[in-house]
Number of protein chains: 2
Amino acid sequence: MLDQRKSAILQALVNEFITTAQPVGSSHIKTDTALDVSTATIRTELSQLEKEGYLVKPHTSAGRIPSDKGYRYFVDHLTKPGSLGPAQKQEVKHFFASSHAAIEALLQNTSKLLSRMTNNVGVVIGSLPDTTIIKAVQLLYSSEFSATLIFILSSADVEKIEINFLNHITESDIEKLSALLSSKSINIPLKSFLTSIPVQPENLEFEPMLRDIENAFKAYYSPSNELNDIKSSHLYVDGTSHIAESFEAIETVKNILEILEQQFVIVSLLRDVLDRGLSVSIGSENGLESLANCSLVVTPYTVDGTTVGSIGILGPTRMKYSEALATVAIIGNELSERLSKEGQTN
Amino acid sequence: MLDQRKSAILQALVNEFITTAQPVGSSHIKTDTALDVSTATIRTELSQLEKEGYLVKPHTSAGRIPSDKGYRYFVDHLTKPGSLGPAQKQEVKHFFASSHAAIEALLQNTSKLLSRMTNNVGVVIGSLPDTTIIKAVQLLYSSEFSATLIFILSSADVEKIEINFLNHITESDIEKLSALLSSKSINIPLKSFLTSIPVQPENLEFEPMLRDIENAFKAYYSPSNELNDIKSSHLYVDGTSHIAESFEAIETVKNILEILEQQFVIVSLLRDVLDRGLSVSIGSENGLESLANCSLVVTPYTVDGTTVGSIGILGPTRMKYSEALATVAIIGNELSERLSKEGQTN
DNA sequence: TCTAGCACTCTATTTTATCGAGTGCTAATT
DNA sequence: AATTAGCACTCGATAAAATAGAGTGCTAGA
């Protein structure tokens with residue numbers, strides 16, 4: 001824990017660095033703070049803060065830059081939750097009040113909103129396979145040898161799986177099968193879908209088709225499939241252009257874009273946060289070389305009290321945390337509310 | 001039309017520039033080509049090519065760079081279709097042979113494949129609202145006041161629309177409505193959906209609900225909604241990190257990323273190509289300041305002979321056109337075949 | 001414990017010099 | 001008429017040298 005003066009200095013330094021992106025020297029801090037001490041005193045303080053790992057010097061005769069530890073302290077102890085201006089609150093309210101016919105569009109637009117309001121990359125992760133429950137099942141006839149299996153999930157997502165049948169099927173077969181599946185599988189977790197349709201005496205005639213469905217389902221959710229996470233929990237990203245604004249080095253930009261393309265990486269980062277609530281992951285805490293200069297501000301969102309996904313922003317470590325935290329928090333809340341209200345998904 | 005020697009010079013110059021990204025001087029061209037003339041002769045040719053608009057000089061004492069017109073000539077007259085190596089053909093075959101349970105995943109992965117094989121941005125556009133036909137309709141009960149309307153389209157896409165009813169509804173209402181819609185709307189174009197359900201004497205009791213559906217549908221496809229194009233024709237983009245490799249200036253990268261985020265811009269660019277077949281759009285031909293240094297190689301794809309969308313790559317004007325054309329063409333073919341076979345979508 | 005003062009460090013910026021790939025022109029050659 | 005050798009000239013790129021100034025760390029005195 002830092003004493004009052006060190007705190008004030010660290011806070012001023014971080015704030016200054018966030019806005020200017022330049023190393024901060026002792027004299028700047030003197031003007032920024034109300035501290036009535038000389039720059040020499042500030043310098044000794046700075047050098048101690050550096051010794052303790054909160055600050056870093058790019059080179060001998062430069063000002064200081066916050067280290068990840070410095071940012072961490074800043075976020076944990078020196079950042080008030082922050083509140084949005086009325087105009088911005090209005091923007092969020094208006095966004096969620098306006099209609100978004102499809103859930104996918106809502107989530108996609110939510111990532112856009114996050115991005116636009118914070119000038120960072122907006123990220124939204126929908127549906128968590130472990131917790132989602134089947135709210136409706138429907139099998140739709142496509143052709144003599146294929147049909148589409150559709151799940152509507154508690155997370156408000158829709159999953160659809162193409163089924164190819166080995167044997168000839170009829171529309172009436174499919175209808176009966178569909179009814180059968182509905183009767184057995186509603187309100188159980190998606191991951192238990194298979195066990196919910198054991199072969200019973202009365203549906204022996206459907207056994208081969210059920211076998212086909214089983215195979216398609218297994219293939220779709222095969223854990224060996226790296227894309228599985230993406231398929232079963234959609235990721236919506238927007239505002240990638242902001243990272244080109246935030247970083248000078250084109251190499252850095254490239255690396256971050258690559259990470260964003262490997263969606264499962266982001267997905268797992270966002271998942272970590274589910275039981276932690278609103279939280280910040282700073283630089284090296286992300287555990288990824290490529291994201292060493294990035295921070296994530298993430299919060300889970302809920303549907304009817306159950307956590308179903310998370311939203312967040314990805315930006316440079318020198319982001320406006322207070323603003324970011326406030327924005328992510330409010331959008332998370334409004335999204336939860338929007339998804340829960342009107343019983344749309346129950 | 002350029003004479004033999006000018007052609008050879010232009011061709012050599014473009015090829016050299018594509019690989020080195022440096023302005024090309026007369027001596028390089030002498031070594032690159034089999035032409036048995038002096039550099040002085042080449043210089044006069046170059047200066048004529050420049051006068052005719054095929055080449056550009058960054059500054060007085062530099063080599064030349066192809067202009068958009070130069071690339072255009074190169075693509076139109078000096079580029080053979082190009083063919084992929086066996087390993088690459090294999091990669092494409094293998095990709096389309098392996099199973100992709102959901103169409104969305106297939107299209108998303110196709111953009112990834114395009115990107116990986118060409119080291120550019122891969123783009124896939126699915127479903128064209130004007131031509132898509134409803135293959136199945138289903139209304140699913142969600143709650144007392146809401147349901148989900150699902151269309152399976154000939155493009156293999158699924159559209160779903162949340163309906164909020166003004167009045168209390170029951171599951172049985174929804175079932176009947178669903179059957180009614182199915183009977184009236186299958187095999188008609190999506191855009192004619194509304195006119196396909198006129199109120200008939202026998203379904204007067206559903207009139208208020210049909211009204212609600214009508215409103216939701218109208219809202220969803222409202223032409224005033226700029227997002228409409230995106231919603232009704234999904235866009236899949238992958239490999240954005242490659243643009244950070246292709247361009248030096250971070251500003252350029254930012255601008256291109258921004259364009260990619262405004263999906264409807266890309267969608268309209270890709271649409272232009274539908275009746276032109278495999279084609280290339282170079283630099284200023286794209287009509288967008290931000291894409292002045294980019295080219296698009298695009299081809300439509302079909303399902304059972306009907307064009308339903310297009311795929312392509314976005315890269316720097318100095319891309320390997322021959323390779324790009326070959327790759328886009330083969331992937332387009334395989335995708336069409338894959339979507340058509342097995343009658344999955346009929 | 002704080003502060004004024006000062007020597008020292010080191011990057012960033014500017015200035016100057018030099019290099020060399022490439023051009024355009026001209027006069028001679030084929 | 002086309003080609004080519006020769007040469008002066010241009011101009012960005014790279015390197016080297018000079019300068020400025022923001023910032024530090026240390027010390028001695030208040």
Side-chain angles (χ1 to χ4, degrees), chain A residues 2-10 12-67 70 248-250 318, chain B residues 2-10 12-67 70 248-250 318:
Chain A
L2 299 176
D3 66 53
Q4 182 105 32
R5 195 165 70 185
K6 282 204 175 60
S7 282
I9 289 174
L10 179 58
L13 186 143
V14 174
N15 278 327
E16 172 99 10
F17 183 70
I18 281 175
T19 55
T20 66
Q22 296 298 318
V24 183
S26 49
S27 56
H28 276 92
I29 290 178
K30 183 165 168 70
T31 39
D32 283 4
T33 61
L35 292 180
D36 202 14
V37 289
S38 75
T39 58
T41 309
I42 293 174
R43 275 201 293 280
T44 34
E45 295 281 48
L46 285 175
S47 117
Q48 283 172 47
L49 281 169
E50 185 183 354
K51 210 161 289 169
E52 294 168 45
Y54 293 97
L55 300 177
V56 155
K57 254 193 311 201
H59 58 268
T60 328
S61 69
R64 262 93 171 185
I65 280 178
S67 68
E248 309 246 271
I250 201 129
R318 39 169 274 280
Chain B
L2 300 176
D3 66 53
Q4 183 104 34
R5 195 166 69 186
K6 282 205 175 59
S7 282
I9 289 175
L10 178 58
L13 187 142
V14 174
N15 277 326
E16 170 100 9
F17 183 70
I18 281 174
T19 55
T20 66
Q22 295 298 317
V24 183
S26 49
S27 56
H28 276 91
I29 289 179
K30 183 166 167 69
T31 41
D32 282 3
T33 62
L35 293 179
D36 201 15
V37 290
S38 74
T39 57
T41 310
I42 293 174
R43 274 202 293 280
T44 34
E45 295 282 48
L46 285 175
S47 115
Q48 283 171 49
L49 281 168
E50 185 183 354
K51 210 163 289 167
E52 294 169 44
Y54 294 96
L55 301 178
V56 155
K57 255 193 310 202
H59 59 267
T60 327
S61 69
R64 262 90 171 186
I65 281 179
S67 68
E248 310 245 88
I250 200 130
R318 38 169 273 280

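Fair warning: this is a prediction, and the values are worked out from it, not measured in the lab. Chain A is the first sequence line, chain B the second, and so forth, proteins listed ahead of strands; every chain is numbered from 1.
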Quiz item: So do the side chains of I9(B) and T33(B) get within less than 4.5 Å of each other, counting heavy atoms only?
Solution: no
Quiz item: dC10(C), dG24(C), dG25(D): which one has an atom nearest the side-chain heavy atoms of R64(A)?
Solution: dG25(D)
Quiz item: Does A40(A) have any side chain to side chain contact (heavy atoms under 4.5 Å, CB included) partners at least two apart in sequence or in another chain, and if so, which?
Solution: S38(A), R43(A)
Between the protein and nucleotides 12-20 of chain C, which nitrogen or oxygen pairs come in under 3.5 angstrom?
none

Quiz item: Which of residues 22-32 of chain B sit near DNA chain C, with a heavy atom under 4.0 Å from it?
Solution: G25(B), S26(B), S27(B), H28(B)
Quiz item: What's the shortest heavy-atom distance between I29(A) and A12(A), and which atoms?
Solution: CG2-CB, 4.5 Å
Practice problem: Identify, with sequence neighbours excluded, every residue that meets side chain to side chain contact (heavy atoms under 4.5 Å, CB included) alongside Q48(A). | Solution: K6(A), E45(A), E52(A)
Practice problem: May I have the distance from Q4(A) (atom CD) to dT1(C) (atom C1'), rounded to whole angstrom? | Solution: 17 Å
Quiz item: How would you list, by chain and number, every residue that makes a side chain to side chain contact (heavy atoms under 4.5 Å, CB included) with D36(B), sequence neighbours excluded?
Solution: none
Indicate every side-chain donor-acceptor pair of residues 55-64 of chain B with a distance under 3.5 Å to a residue at least two apart or in another chain.
unit_1, atom_1, unit_2, atom_2, d
R64(B), NE, E50(B), OE1, 3.1
R64(B), NH2, E50(B), OE1, 2.8

Practice problem: May I have the distance from E248(B) (atom CD) to dA13(D) (atom P), rounded to whole angstrom? | Solution: 11 Å
Exercise. Would you mind reading off the bend of the helix from dT1(C)-dA30(D) to dT30(C)-dA1(D) from its two end axes, five pairs each, to 10 degrees?
Key: 20°
Practice problem: Grab the two heavy atoms, one from Q22(B) and one from F17(B), that are nearest each other, plus how far apart they are. | Solution: O-CD1, 3.1 Å
Exercise. Starting from P on dG22(C), measure out to CG on L55(B) and report it in whole angstrom.
Key: 14 Å
Quiz item: With sequence neighbours left out, which residue pairs that include part of residues 22-51 of chain B fulfil the ring pair (Phe, Tyr, Trp, His ring centres under 6.0 Å) condition?
Solution: none
Quiz item: Would you say the side chain of R5(B) lies within less than 4.5 Å of the side chain of V37(B), judging by non-hydrogen atoms?
Solution: yes
Quiz item: Got a sec, which residues hit side chain to side chain contact (heavy atoms under 4.5 Å, CB included) with S7(B), two or more places apart in sequence or on another chain?
Solution: L2(B), Y73(B), L78(B)
Exercise. Please list all pairs passing the salt bridge (Lys or Arg N to Asp or Glu O under 4.0 Å) test where one or both residues lie in residues 14-34 of chain A, with sequence neighbours left out.
Key: none
Exercise. Rounded to the nearest angstrom, tell me the gap between atom NZ in K57(A) and atom P in dG23(D).
Key: 13 Å
Quiz prompt | Heavy-atom donor-acceptor pair, S67(B) side chain to Y54(B) backbone, under 3.5 Å | solution = yes
Quiz item: For DNA chain D, which residues in residues 34-52 of chain A have a heavy atom at a distance below 4.0 Å?
Solution: R43(A), L46(A), S47(A)
Quiz prompt | Within-4.5 Å side-chain heavy-atom neighbours: V14(B) and V24(B) | solution = no
